[in-house]
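Just so we're on the same page: letters track the sequence lines, and every chain starts at 1. No hydrogens, no waters, no symmetry mates; every other heavy atom, side chains included, goes into these values.
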Protein chains: 2
Amino acid sequence: MTRPAEYTRNLIIKAAVALFAEKGFERSSVRDIVTKARVNQAAINYHFKGKDGLYFEVLKIAFERLTENAGVDAGELKSLSPEQALRRFVGHQLRPLLFQDELSRYIRMFAWESAHPSKVFRKFIAGNTTSYLSGAVDLVRRFLPPDTQERAALCAAICLMGQCSVFVRNRDLFAQDPFRMTIDEPFVDELADLITRVAIGGLPHAEDARLTTA
Amino acid sequence: MTRPAEYTRNLIIKAAVALFAEKGFERSSVRDIVTKARVNQAAINYHFKGKDGLYFEVLKIAFERLTENAGVDAGELKSLSPEQALRRFVGHQLRPLLFQDELSRYIRMFAWESAHPSKVFRKFIAGNTTSYLSGAVDLVRRFLPPDTQERAALCAAICLMGQCSVFVRNRDLFAQDPFRMTIDEPFVDELADLITRVAIGGLPHAEDARLTTA
DNA sequence: ACAGGGTTCAAACGATTGTTTGAATCAGGC
DNA sequence: GCCTGATTCAAACAATCGTTTGAACCCTGT
């Protein structure tokens, strides 16, 4: 069979995940990837039909791993209280701040896409109808008034994930000079608590009477 | 004097602002800018010492215009109730969703930077100690418990601005197929109310007892 | 031993990026 | 009128990007 093919495929995917997570898709060059993977230039085009094809493959893997392992897990979601589930989810989204394992890299990749979705990514979510956003929507729905419109719930979910991804993307920036945040476990716990608590406290009032627009 | 110089300078700046707002700094090429401005290739390097120099100049202008005109205005901030001030600020941040005027373009430029700060931008905020974030920090502080640490207030401000900039950046994406949001004035009002109300409802509980980390 | 297909390789391709060049053009001062 | 400095211009530069090429390589089946 094609033993060696699968081997270098994995080599490439591993290197690509690391780079895509670190810098995002656009800023990661093919030459960076093949250098890190210690394979030839043409390998990506041979095995994945180009950079886009590689990214699509990587997205597929990341999505599978995340949905099977996430705090979005349907079973776990029901066994926990809404507050616990939300806290777990936020903690999961902030995971790349603390750990550099594979799962964290996948989350970070999606954090880049939430900043500026690439063409490949759009094609990807077009195929996966059950977007990773739907999990977040279910999560916030439990805090929103029961008659909240789907659109508002979607916006709330986007806001929730956006708050996490800002920190994931700019981790290094916030650690540096004007901010000087020491990003350790106590800090991330604090941050996750902050985001979670603001959501818990605020979401129930999301559909109150219209504010004066002035 | 150098009349014609200032004229083409403004031509370039105007075109650059439009493109930087639309696509961000990195994705806007020098050739796009000079074509839109109807000036020569070399003009940018002659007048601004390169693309970076142009961007720095544009950032300076945008920052001045925003601080003098923003909902962050110190006088206006004190004359309004905390709730009104926050709602005004959020509405201001979401302005690019509705209008395409100059002010909206400046806001959108900063929204791109909040996603992935460029080198030029980092150098810029290093020089402007009173970051545009400090206004947001003051705003959220009025809802946080009085003894909240500066670090937590800063995180809350980042979260607040992040929620707005997600929609500003991805306006077109959310209008399209998987989401199909019609981004008109009622929607933006609704969204601004949502973000504001979640913040008002949640921020006071930001420093409650530690949540169980599980 | 040989042929053939899957895989690797170094090199080049064409497109795009930001920047530089050197001549051409224009203005105003002596 | 001519010189000088500022400004514009078309063209090229060097670097990087993703992709393609065609020969070399290696393993397998016959």
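For A/Lys23, the side-chain hydrogen bond (donor to acceptor under 3.5 Å, both in side chains) partners are A/Asp32, not counting sequence neighbours. Under the side-chain hydrogen bond (donor to acceptor under 3.5 Å, both in side chains) criterion, B/Asp177 pairs with B/Arg180, not counting sequence neighbours. Residues forming a salt bridge (Lys or Arg N to Asp or Glu O under 4.0 Å) with B/Glu113 (at least two apart in sequence, or on another chain): none. Qualifying side-chain contact (heavy atoms from CB on, under 4.5 Å) partners for A/Arg105, counting only residues two or more places apart in sequence or in other chains: A/Val17, A/Ala18, A/Ala21. For A/Val34, the side-chain contact (heavy atoms from CB on, under 4.5 Å) test picks out A/Val30, A/Val39, A/Ile44, with sequence neighbours left out. Checked against side-chain contact (heavy atoms from CB on, under 4.5 Å), A/Asn10 has the following partners two or more places apart in sequence or in another chain: A/Glu6. With sequence neighbours excluded, the residues forming a side-chain contact (heavy atoms from CB on, under 4.5 Å) with B/Glu102 are B/Arg65, B/Tyr106, listed by chain and number.
Atom CD of A/Glu6 is separated from atom P of C/dT8 by 12 Å (rounded to the nearest Å). When the P atom of C/dC9 is taken as reference, atom CG of A/Asn40 falls 5 Å away, rounded to whole Å. The CZ atom of B/Arg38 sits 16 Å away from the C1' atom of D/dT8 (whole-angstrom rounding).
For DNA chain D, the neighbouring residues in residues 16-31 of chain A, judged by any heavy atom under 4.0 Å, are A/Ser28, A/Ser29, A/Val30, A/Arg31. Taking every heavy atom of residues 41-60 of chain B and every atom of DNA chain C, pairs under 4.0 Å involve B/Gln41, B/Ala42, B/Asn45, B/Gly50, B/Lys51, by number.
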Would you mind writing out the side-chain donor-acceptor pairs for residues 151-161 of chain A within the sub-3.5 Å range, not counting sequence neighbours?
residue	atom	partner	partner atom	Å
A/Arg151	NH2	B/Glu190	OE1	2.8
A/Arg151	NH2	B/Glu190	OE2	3.4

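An end-to-end axis angle of 20° holds for the helix from C/dA1-D/dT30 to C/dC30-D/dG1, taken from five base pairs per end and rounded to 10°.
Annotation: the span from B/Ser28 atom OG to B/Ile33 atom CD1 amounts to 6.0 Å, rounded to 0.5 Å.
The phosphate of D/dT7 (OP1 or OP2) has no side-chain N or O of B/Thr8 nearer than 4.0 angstrom.
The side chain to side chain donor-acceptor pair (under 3.5 Å) analysis of residues 33-50 of chain A, with sequence neighbours excluded, yields the pairs A/Thr8-A/His47.
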